[in-house]
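Notes to accompany the following structure.
Numbers here simply count residues along the sequence, with the first being 1. Any value given below was found using the heavy atoms of this structure, including those in side chains, with hydrogens, waters and symmetry copies removed.
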Amino acid sequence: MRLEKCWFCSSTIYPGHGIQFVRNDAKIFRFCRSKCHKNFKMKRNPRKVKWTKAYRRVHGKDMTQDSTFEFERKRNRPERYDRNLAENVLKAIPKINKIRSAREERHHKNRMKGKKEKLQKEAMKELEQGISLVKAPSVLQEDPSLTLPKIKVKVSQKQSEENHAMEE
């Protein structure tokens with residue numbers, strides 16, 4: 001059973017799934033779903049479409065170089081079946097997955113390292129600019145000069161009668 005990769009988004013295509021497009025020069029393009037096929041027909045570059053694996057790699061959001069990726073690489077040369085080798089490979093797969101996930105977590109942590117401080121600095125700057133808008137309720141009770149003055153308007157009897165007549 002061979003698992004192919006989508007030409008556009010690099011996701012896994014299982015047997016019996018996806019679309020295959022063969023160009024005049026016999027180059028085969030495999031797509032996992034119609035979304036990828038349509039984007040290919042519209043001649044979109046996968047490195048510029050944000051949801052693709054290529055975009056994430058180019059913009060530093062995913063790991064690009066790691067020795068664990070070597071195991072996923074497609075090999076066209078057939079290997080002679082060796083039972084011991086197959087057994088060792090099957091035992092090694094969980095270890096490799098564990099190593100890869102740990103490295104991905106470390107990569108993500110390094111990428112997000114300065115994010116929290118940056119957000120706090122932006123919040124402090126915004127607070128300093130609009131401090132007049134934000135006052136504690138206890139401060140407002142202690143110092144009534146911070147609140148807006150209440151304006152009393154005197155309405156004469158004559159004006160109220162005119163308004164009442166207009167309402168009818």
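Atom CZ of residue Phe40 and atom CZ of residue Phe31 lie 4.5 Å apart, to the nearest 0.5 angstrom. Annotation: the span from Lys121 atom NZ to Met124 atom CE amounts to 11.5 Å, rounded to 0.5 Å. In this structure, the separation between NE2 on His107 and NZ on Lys61 is 9.0 Å, given to the nearest 0.5 Å. Rounding to the nearest 0.5 Å gives a distance of 4.5 Å between NZ of Lys41 and NE2 of His37.
In terms of heavy-atom proximity, Cys6 sits nearest to Cys32 at SG-N, 3.4 Å. When all heavy atoms are compared, the tightest approach of His59 to Arg47 is CE1-O, 3.9 Å.
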Identify each donor-acceptor pair in which a side-chain atom of residues 9-23 lies under 3.5 Å from a protein atom, sequence neighbours left out, and give them as a table.
from  : atom 1 : to    : atom 2 : distance (Å)
Arg23 : NE     : Asp25 : OD1    : 3.2
Arg23 : NH2    : Asp25 : OD2    : 3.2

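For Lys48, there are no salt bridge (charged side-chain N to carboxylate O under 4.0 Å, His left out) partners, not counting sequence neighbours. Every residue meeting the side chain to side chain contact (heavy atoms under 4.5 Å, CB included) condition with Asp82, not counting sequence neighbours, appears here in chain and number order: Asn84, Leu85. Residues that satisfy the side chain to side chain contact (heavy atoms under 4.5 Å, CB included) test with Val49, not counting sequence neighbours, are Phe8, Arg44, Trp51, Thr52. For Glu122, the salt bridge (charged side-chain N to carboxylate O under 4.0 Å, His left out) test picks out no residue, with sequence neighbours left out.
One finds a salt bridge joining Glu87 and Lys91 here, because a Lys/Arg side-chain nitrogen approaches an Asp/Glu carboxylate oxygen to under 4.0 Å.
Remark: Lys27 NZ is packed, more than 12 non-hydrogen atoms of other residues, nucleotides or ligands lying under 6.0 Å away.
Its side chain outside the 4.5 Å cluster rule for every partner, Tyr55 clusters with none of the Ile, Leu, Val, Met, Phe, Trp and Tyr residues.
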